[in-house]
Amino acid sequence: MQSFLKYINLGMKHFLNLLLAVLTVSVFMQVVFRFLIEQPLAWTEELARYCLIWITFLGAAYAMSLRAHLGVEFFVNSFPLLGRKIMAVIASVVSLSFFSILVIYGFQLVNKSTSQTSPVLDLPMGFVYLVIPISGIFLIINLLANTIADVLKKEGESHDDPAL
């Protein structure tokens, strides 16, 4: 399972790099065409906006795989190992409920917005919003993997990052 998760996160990392490259090229083209050629391209701004949305949501899921989200560990580390495990499970349950809301209502949003298209690129807006439930699924998968690793961890062991 860890091997499969490692490949999912590696694929997500490469997809994020691709989106970042598209975003960079799009913004660069917008600057060149607007200020040097004085003929702005309408589609570059919209493409950059949608790339940024996808990078934000998928980046949150990838950050979960790296355990890169902020946390208050000072308070948690004052507990013994069993207390830390209980706190990790409680935090995971709360996070899991939020990520489940992302998935459920994200799919509802996608279904409602498939007939609406973007102004310039003429993309179905459901495609743009599809990142919400997708990232929710990846967040759930990575959260469960991290929580299982935390619960099974013995005293003195370090985190085993599934994304590395």
Side-chain angles (χ1 to χ4, degrees), residues 1-34 40-73 76 86-151 159 161-164:
M1 183 65 180
Q2 286 289 71
S3 176
F4 178 68
L5 187 58
K6 193 181 292 187
Y7 285 118
I8 287 175
N9 289 319
L10 183 65
M12 191 172 4
K13 175 183 173 181
H14 291 309
F15 186 65
L16 284 165
N17 287 333
L18 176 68
L19 285 174
L20 186 61
V22 170
L23 172 71
T24 304
V25 169
S26 173
V27 170
F28 179 75
M29 287 177 60
Q30 177 70 347
V31 169
V32 167
F33 276 80
R34 179 178 299 266
L41 299 172
W43 59 270
T44 55
E45 179 187 349
E46 194 170 287
L47 178 63
R49 182 181 320 120
Y50 297 152
C51 283
L52 186 61
I53 291 168
W54 275 72
I55 289 170
T56 301
F57 278 92
L58 287 179
Y62 184 67
M64 178 67 72
S65 72
L66 298 176
R67 299 176 182 263
H69 286 284
L70 293 176
V72 183
E73 294 180 356
V76 175
I86 291 170
M87 296 288 267
V89 169
I90 291 170
S92 295
V93 167
V94 171
S95 296
L96 191 64
S97 34
F98 174 73
F99 300 151
S100 298
I101 290 170
L102 276 179
V103 173
I104 293 166
Y105 289 105
F107 277 123
Q108 289 179 6
L109 178 64
V110 169
N111 286 334
K112 288 180 183 178
S113 60
T114 51
S115 60
Q116 179 187 3
T117 58
S118 65
V120 180
L121 292 175
D122 205 34
L123 288 171
M125 289 305 291
F127 175 75
V128 176
Y129 298 141
L130 188 61
V131 73
I132 297 170
I134 288 174
S135 67
I137 291 169
F138 286 140
L139 280 161
I140 289 171
I141 291 169
N142 284 317
L143 175 70
L144 290 175
N146 289 347
T147 304
I148 291 169
D150 286 346
V151 169
H159 293 296
D161 291 339
L164 297 177

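Computed from a predicted model, the values in this text were never measured in an experiment. Scope of the values below: all heavy atoms of this structure, side chains included, with no hydrogens, waters or symmetry mates.
- Expressed to the nearest 0.5 Å, how far OH of Tyr105 lies from OG of Ser100 amounts to 11.5 Å.
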task = Kindly determine whether Gln108 and Ile132 satisfy side-chain contact (heavy atoms from CB on, under 4.5 Å), including the steps that lead there.
result = CA-CA 10 Å; Gln108 289 179 6; Ile132 297 170; over 6 Å; no

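- Counting heavy atoms from C-beta on, the side chains of Phe107 and Lys112 never come closer than 4.5 Å.
- Considering all non-hydrogen atoms of both residues, Tyr62 and Met12 come closest at N-SD, 3.9 Å.
- Distance CG/Leu19 to OG1/Thr56: 10.5 Å, rounded to 0.5 Å.
- With hydrogens and angles disregarded, a donor-acceptor distance shorter than 3.5 Å links the side chain of His69 to the backbone of Ala60.
- Side-chain atoms of Gln116 and Pro124, non-hydrogen and from C-beta on, never get closer than 4.5 Å to each other.
- With a 4.5 Å cut-off on side-chain heavy atoms, Val25 and Phe28 do not count as touching.
- No side-chain heavy atom of Phe138 sits under 4.5 Å from any side-chain heavy atom of Ser65.
- When side chains are defined from C-beta on, Glu45 does not count as touching Tyr50, because their heavy atoms never get closer than 4.5 Å.
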task = Mind running side-chain contact (heavy atoms from CB on, under 4.5 Å) on Ile53 and Phe57 for me, showing each step along the way?
result = CA-CA 6 Å; Ile53 291 168; Phe57 278 92; 4.1 Å; yes

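- Take Phe98 and apply the ring pair (Phe, Tyr, Trp, His ring centres under 6.0 Å) test, not counting sequence neighbours, and it matches no residue.
- Ile86 contributes atom CD1, which lies 13.5 Å from atom CG of Asp150 (distance to the nearest 0.5 angstrom).
- For an aromatic pair to be called close, the ring centres must be under 6.0 Å apart, and Tyr129 with Trp54 fails this.
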request  = Step by step, work out the side-chain contact (heavy atoms from CB on, under 4.5 Å) result for Val27 and Thr44.
outcome  = CA-CA 7 Å; Val27 170; Thr44 55; over 6 Å; no

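- No side-chain heavy atom of Val128 sits less than 4.5 Å from a side-chain heavy atom of Ser118.
- The OG atom of Ser26 sits 11.0 Å away from the CG atom of Leu52 when rounded to the nearest 0.5 Å.
- Distance check: Ile140 CD1 to Thr147 OG1 gives 11.5 Å after rounding to the nearest 0.5 Å.
- Atom CZ in Arg67 sits 9.5 Å away from atom CG in Leu143 (nearest 0.5 Å).
- The side-chain heavy atoms of Ile55 and Leu23, taken from C-beta on, include a pair separated by under 4.5 Å.
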task = Any chance you could lay out the side-chain contact (heavy atoms from CB on, under 4.5 Å) test for Gln30 and Leu41, step after step, and finish with the verdict?
result = CA-CA 6 Å; Gln30 177 70 347; Leu41 299 172; 4.0 Å; yes

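- Remark: side-chain polar atoms of Asn142 are not paired, donor with acceptor, to backbone N or O of Met64 under 3.5 angstrom.
- A heavy-atom distance below 4.5 Å is found between the side chains of Pro133 and Val110.
- Closest non-hydrogen pair, Leu139 versus Ala61, comes out as CD2-CA, 3.6 Å.
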